[in-house]
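Remember, it's a predicted structure, so these values are computed and weren't measured experimentally.
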Amino acid sequence: MDKIDRLKIFCLVAEKHSFAQVAKTLDLPRSTITYAIQGLEKEYQVLLFNRTTRKVNLTNDGVQFLKEVQQLIFQAEGLNKFKLKNRQYKGQVKIGLPLRISTQYLLPYLHEFYAKYPNIKISIYSHDHYSDLIEQRLDCVLRVGNVMNENLIVRPITNVDLYTVAAPKYLNTLKNTLEKEPLNQH
């Protein structure tokens, strides 16, 4: 049990005025509730509750402690917005990628992305020259082939087979031309 959990137990005991009711509410042994409160009292060197056999009440220090703890718990729960599952996706993403990849692999599926993430705007910088993340202020780029830039975090997405195709007539013409005039090798 972490400190925030112990502080939440403290707040519940202060609200219900009963260790037993809190144990029942949280489905925990009463001893767990007792140890949580005793641990806080020992850690902060303060008596938080006046205990009798029938009732539990906050001490004066306990009242002040409760105010501080409630603020702390509120702030700690505010940090949950940073958890991925609680985030609301919104904003703009600037992507640089080759023209062919853009038209064949990204654009046809963009409507599905917008259906899932309507508050994200995608800006596409599509061209067939090298995209510079810093200079063009891009969030990410798609590259073809091996990427040897140590300043980038590289994640392979997929393998795509690329083909060069030509008409048989063109290939025969090219072959005949090369046979007559071989390429100069330097």
From I9 CD1 over to L40 CG, what is the distance, rounded to the nearest 0.5 angstrom?
-> 8.5 Å
F113/Y109 aromatic ring centres below 6.0 Å = no
Any E15 side-chain heavy atom under 4.5 Å of L12 side chain = yes
pair L106-L142: side-chain heavy atoms closer than 4.5 Å | no
Measure the shortest side-chain to side-chain distance between K3 and L72 over non-hydrogen atoms and say whether it is less than 4.5 angstrom.
-> no
Please work out whether the ring planes of Y89 and Y117 are parallel, tilted or perpendicular, with thresholds of 30° and 60°.
-> perpendicular
Rounded to the nearest 0.5 angstrom, the CG-NZ distance for N176 and K180 is 6.0 Å
Would you indicate whether E43, at its atom CD, is surrounded by more than 12 heavy atoms from other residues, nucleotides or ligands within a distance under 6.0 Å?
-> yes
What pairs of residues pass the side-chain hydrogen bond (donor to acceptor under 3.5 Å, both in side chains) test when at least one of them lies in residues 25-36, not counting sequence neighbours?
-> none
Connected via hydrophobic side-chain network under 4.5 Å: I124 and L99 | no
May I have the step-by-step check of side chain to side chain contact (heavy atoms under 4.5 Å, CB included) for I33 and L26, ending in yes or no?
-> CA-CA 9 Å; I33 307 304; L26 298 177; 4.2 Å; yes
What heavy-atom pair brings V13 and F49 nearest, and what distance separates the two atoms?
-> CG1-CZ, 3.5 Å
Which pair of non-hydrogen atoms, one from S18 and one from Q21, has the smallest distance, and what is that distance?
-> OG-N, 3.0 Å
Heavy-atom distance under 4.5 Å between the side chains of F10 and L58, does that happen here?
-> yes
Is D61 close to L47 at the side-chain level, that is, under 4.5 Å between some pair of heavy atoms?
-> no
Give a yes or no on whether E135 atom CD has more than 12 heavy-atom contacts from other residues, nucleotides or ligands under 6.0 Å away.
-> no
From I101 atom CD1 to R143 atom CZ, the distance as rounded to the nearest 0.5 Å | 12.0 Å
For the residue pair I95 and Y125, establish whether any side-chain heavy-atom pair is separated by less than 4.5 Å.
-> no
Roughly how far apart are Q71 CD and L66 CG, rounded to 0.5 Å?
-> 11.0 Å
Considering only heavy atoms from C-beta outward, does the side chain of I37 approach that of V56 to under 4.5 Å?
-> no
Same apolar cluster: Y170 and L178, side chain cutoff 4.5 Å | yes
For V69 and C11, which heavy atoms make the closest approach, and how far apart are they?
-> CG1-SG, 3.5 Å
Interatomic distance, CD@Q64 vs CD@E68, rounded to 0.5 Å, equals 7.5 Å
If every non-hydrogen atom of L48 is compared with every non-hydrogen atom of E41, which pair is closest and at what distance?
-> N-OE2, 2.9 Å
For atom CZ of R137, decide whether the heavy atoms of other residues, nucleotides or ligands shown that lie under 6.0 angstrom number more than 12.
-> no
Do the side chains of I134 and V141 join up, straight or via other hydrophobic residues, at under 4.5 Å, putting them in one cluster?
-> no
Short question: side chain of Q92, backbone of K121 - any donor-acceptor pair under 3.5 Å?
-> no
Does atom CG of N60 have more than 12 heavy-atom neighbours from other groups under 6.0 Å away?
-> no
Close side-chain approach of F65 and L7, heavy atoms under 4.5 Å = yes
Going from OG on S102 to CG on D128, what distance comes out if it is rounded to the nearest 0.5 angstrom?
-> 10.0 Å
